[in-house]
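To keep things clear, I will list the structure first and then write my remarks on it.
These numbers come from the heavy atoms of this one structure, side chains and all, not from hydrogens, waters or symmetry mates. All figures in this text were calculated on a predicted structure; none of them were measured in a lab.
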Number of protein chains: 2
Amino acid sequence: MTTLKELAKLLNLSVSTVSKALNDSHEISAQTKKRVHELATKLNYKPNRIAQQLKSNKTKTIGVVLPTVTNPFFAEVLHGIETEATKKDYDILVCLSDEHLEKEERSLELLSNGSVDGFIIAVARESQVKSETQHLEKVLNNDLPIVLFDRVVDAIICDKVVVDDFLSVYEATKYLIDKEQRQAILLISNIEELSVGKLRVKGYKAAVDEAGQPSYILNLGQSTDVEKEVFTYLNNNPSIDAVVSIDHITGIVAINMAKKLKREIPKSLSVIGFGYDHTQMLSSPKISIIHQKAHAIGEMAMKTIISNLTLENHKVETSIVPSELKLSESTKKA
Amino acid sequence: MTTLKELAKLLNLSVSTVSKALNDSHEISAQTKKRVHELATKLNYKPNRIAQQLKSNKTKTIGVVLPTVTNPFFAEVLHGIETEATKKDYDILVCLSDEHLEKEERSLELLSNGSVDGFIIAVARESQVKSETQHLEKVLNNDLPIVLFDRVVDAIICDKVVVDDFLSVYEATKYLIDKEQRQAILLISNIEELSVGKLRVKGYKAAVDEAGQPSYILNLGQSTDVEKEVFTYLNNNPSIDAVVSIDHITGIVAINMAKKLKREIPKSLSVIGFGYDHTQMLSSPKISIIHQKAHAIGEMAMKTIISNLTLENHKVETSIVPSELKLSESTKKA
DNA sequence: TTGTATGCGTTATCAT
DNA sequence: ATGATAACGCATACAA
């Protein structure tokens with residue numbers, strides 16, 4: 001790597017003159033600026049990023065800690081984060097907690113040594129279940145700002161970006177009740193212990209309560225044989241005439257199992273799931289989804305952390321990114 | 001952030017003594033070591049990573065440039081990369097090219113300024129189609145090593161990690177011919193222009209040629225209405241008795257469309273697709289897949305780049321990570 | 001207009 | 001056993 005020193009030597013100039021010339025300082029003559037620039041491009045000079053970081057005490061790098069990236073929701077959020085980061089000339093250091101508290105703690109610990117200017121985090125399942133917050137507090141005490149998204153921790157005071165979990169499921173359920181006259185709506189959940197899961201269940205309950213309907217909940221926990229459980233439930237409860245799934249898998253599973261049971265979709269059973277862009281192609285009939293704007297969530301998280309880092313008057317805020325009910329073939333036409 | 005200087009001041013010691021104490025140098029008395037360590041832990045001292053990087057001229061950071069991360073294959077590879085990086089105490093800077101040459105060039109350019117010690121790259125679709133290699137050459141000329149994986153560029157001499165694309169599809173096709181006595185096997189492709197796509201098609205062709213069977217190829221290109229095209233083809237060609245899909249979507253689509261056409265799976269039509277861990281749950285009957293060991297590919301890529309960076313006698317190599325044919329419900333039992 | 005000196009935080013070499 | 005000094009590459013305040 002070419003350095004200022006090398007350029008200076010070759011040009012018989014001082015390091016600072018070269019530096020100023022490259023930064024287009026008005027103190028330098030057009031003449032030398034030209035000489036400097038020419039040699040610099042010729043030798044493909046690029047200012048050493050590490051040295052700049054040390055000097056400025058800013059890395060322009062954000063630590064991104066995700067539970068997983070194989071879940072398409074988090075993958076799409078990461079995409080949004082990266083898009084916005086590129087636009088604003090930031091880099092991202094990515095760590096995956098694999099849903100484990102210990103790995104999450106370790107990642108935060110390791111990056112809290114000047115590697116990053118701040119964090120974007122969705123906490124691990126384990127961290128959320130155990131309500132562990134010390135590691136996050138520690139980061140904040142270290143004067144590194146955090147933006148939490150999706151998996152949010154109420155006890156921590158920092159910027160947050162969340163989906164309207166309650167409202168989106170409430171409205172989807174209400175749609176099934178009001179527009180499709182469904183009487184026995186089953187909620188399928190495999191994320192009941194997460195903050196977002198709880199809110200989604202509440203949204204469902206509010207809607208059925210309001211309509212005076214009983215609630216039917218199939219909680220799969222971390223079950224391995226999801227298909228069998230869904231099949232069995234639908235088989236044992238033929239009165240179920242609609243399904244709301246609050247994750248991105250079980251809605252499609254419900255469609256497949258219902259077809260196996262010769263249920264007609266959407267005539268005798270409507271299905272609404274959570275999903276993202278590719279999801280709909282993978283089921284037949286195409287599944288209606290509550291579409292989380294995952295990309296927008298990522299962008300918003302990045303915007304927020306940069307705002308915190310650069311704006312003098314930044315105030316802690318919680319942003320809500322609305323979801324969109326995308327009706328397709330697994331529900332009747334309104 | 002606490003610095004050595006601050007510790008030194010508080011302890012009435014010199015900076016260098018403190019530094020040595022923390023690094024457990026034998027020149028320092030047990031007595032002062034203890035004092036230093038105690039204050040350090042009390043003030044939560046961590047050596048500034050940026051300063052260490054500047055001093056050592058090593059970042060222990062790898063730039064990872066992927067076409068996308070919403071494709072579950074790349075997501076899983078990223079997971080593998082991250083796992084191995086964590087194990088070896090490396091960080092990863094992630095950039096997404098969004099399949100565009102220009103963004104890929106920009107990412108490499110931006111990180112080639114001391115930010116990383118090397119790169120792991122799967123080239124963008126556009127780069128591969130245009131056979132553009134200059135940006136990669138430039139990186140290598142900059143003395144930054146590269147590991148290419150999956151989307152490989154033959155003209156570039158560097159470490160590579162690839163799947164046995166030819167062999168895996170050859171064997172899957174051969175399985176359908178030999179064990180299931182299929183006579184008219186359709187290959188569905190939407191990645192024909194990629195290096196991996198070409199190899200997979202070759203594998204298919206070799207197998208059908210060898211058996212004296214005609215080849216049937218449905219090339220979807222970047223078509224938007226994949227479902228319709230698959231439906232139409234299967235409808236117009238009822239003699240097709242097996243499908244091999246060389247991506248992770250169209251196999252499931254084929255199953256769904258075949259069911260729509262009242263074809264019995266696997267009795268009258270066998271389907272084998274490409275896939276990863278969650279894929280199988282999303283179809284009914286469960287799809288048989290050529291399972292790319294994406295996680296292993298990521299781990300291998302990371303191991304290779306670290307080997308290049310740390311071993312004196314590292315030689316350029318191409319590693320092949322074998323795939324595994326995972327038979328499920330969309331093929332008959334052998 | 002150009003050059004000198006200083007410091008970011010760390011480590012390593014060389015005194016004391 | 002401890003401390004002073006220099007260096008990594010860059011940017012800037014201050015001289016000249």
Side-chain angles (χ1 to χ4, degrees), chain A residues 1-37 39-40 43-61 89 110-117 142-144, chain B residues 1-37 39-40 43-61 89 110-117 142-144:
Chain A
M1 287 242 338
T2 315
T3 67
L4 285 183
K5 201 194 260 183
E6 287 166 30
L7 292 180
K9 193 163 194 179
L10 289 170
L11 292 164
N12 272 320
L13 288 172
S14 77
V15 171
S16 63
T17 304
V18 177
S19 172
K20 284 173 189 166
L22 288 170
N23 290 319
D24 224 19
S25 164
H26 45 271
E27 327 176 5
I28 306 294
S29 72
Q31 167 69 9
T32 39
K33 270 187 193 172
K34 201 179 158 221
R35 283 180 64 216
V36 171
H37 273 109
L39 187 65
L43 297 186
N44 194 23
Y45 169 81
K46 295 195 207 73
N48 183 309
R49 184 93 185 293
I50 304 298
Q52 287 181 320
Q53 291 176 350
L54 184 60
K55 184 85 180 94
S56 67
N57 200 26
K58 292 201 173 84
T59 62
K60 293 202 83 180
T61 302
D89 215 21
L110 282 177
L111 297 189
S112 294
N113 60 358
S115 295
V116 300
D117 293 341
N142 231 312
D143 260 328
L144 288 171
Chain B
M1 286 241 339
T2 315
T3 67
L4 284 181
K5 202 195 257 183
E6 287 166 30
L7 292 179
K9 192 162 193 180
L10 289 170
L11 292 165
N12 271 320
L13 287 172
S14 76
V15 171
S16 57
T17 304
V18 176
S19 171
K20 286 173 188 165
L22 288 170
N23 290 318
D24 224 19
S25 164
H26 46 271
E27 330 177 8
I28 305 295
S29 72
Q31 167 69 9
T32 40
K33 270 187 192 172
K34 199 177 158 223
R35 281 180 65 215
V36 172
H37 273 109
L39 187 64
L43 297 187
N44 193 25
Y45 168 82
K46 295 195 209 71
N48 183 309
R49 185 93 185 294
I50 304 298
Q52 287 181 320
Q53 290 177 351
L54 183 61
K55 186 83 178 107
S56 68
N57 199 27
K58 293 202 174 86
T59 62
K60 293 202 84 180
T61 302
D89 215 21
L110 283 177
L111 296 188
S112 294
N113 59 359
S115 295
V116 301
D117 293 341
N142 230 310
D143 260 329
L144 288 171

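Counting only heavy atoms from C-beta outward, the side chains of B:Thr2 and B:Leu7 approach each other to under 4.5 Å. For the pair B:Arg49/A:Thr59, no side-chain contact is recorded, criterion being any heavy-atom separation below 4.5 Å from C-beta on. Looking at B:Gln53 and B:Thr61, their side chains come closer than 4.5 Å, going by heavy atoms from C-beta outward. You'll find the side chain of A:Val18 stays beyond 4.5 Å of the side chain of A:Leu39, heavy atoms only.
Of the residues in residues 25-37 of chain A, none has a non-hydrogen atom less than 4.0 angstrom from any atom of DNA chain D.
Listed by chain and residue number, A:Ser112, A:Phe119, A:Val139 satisfy the side-chain contact (heavy atoms from CB on, under 4.5 Å) test with A:Leu144 (two or more places apart in sequence, or in another chain). Applying the side-chain contact (heavy atoms from CB on, under 4.5 Å) rule to B:Ser25 yields the partners B:Lys20, B:Glu27, B:Ile28; only residues at least two apart in sequence or on another chain are considered.
The terminal axes of the helix from C:dT1-D:dA16 to C:dT16-D:dA1, fitted over 5 pairs per end, subtend an angle of 60° to the nearest 10°.
When every heavy atom of B:Leu111 is checked against every heavy atom of B:Val116, the shortest pair comes out as O-CG2, 3.7 Å. B:Asn48 and B:Ala51 make their closest contact through OD1-N, 3.1 Å (heavy atoms, listed as atom of the first residue, atom of the second, distance). Minimum interatomic distance between A:Arg35 and A:Leu11 (heavy atoms only, all atoms of both residues): NH2-O, 2.9 Å. The two residues A:Met1 and B:Gly114 make their nearest non-hydrogen contact at SD-N, 3.9 Å.
With a cutoff of under 4.0 Å to any heavy atom of chain B, the contacted region of DNA chain C is bounded 5' to 3' by C:dC8 to C:dC14.
With respect to the salt-bridge test (charged N to carboxylate O, under 4.0 angstrom), the residues A:Lys33 and A:Asp24 qualify.
As a whole-Å value, the separation of A:Leu7 CG from D:dC10 C1' is 12 Å.
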Heavy-atom contacts, protein to nucleotides 4-9 of chain D, under 4.0 Å, summarised as B (base), S (sugar-phosphate only) or - (none) per nt, yield B--BBB
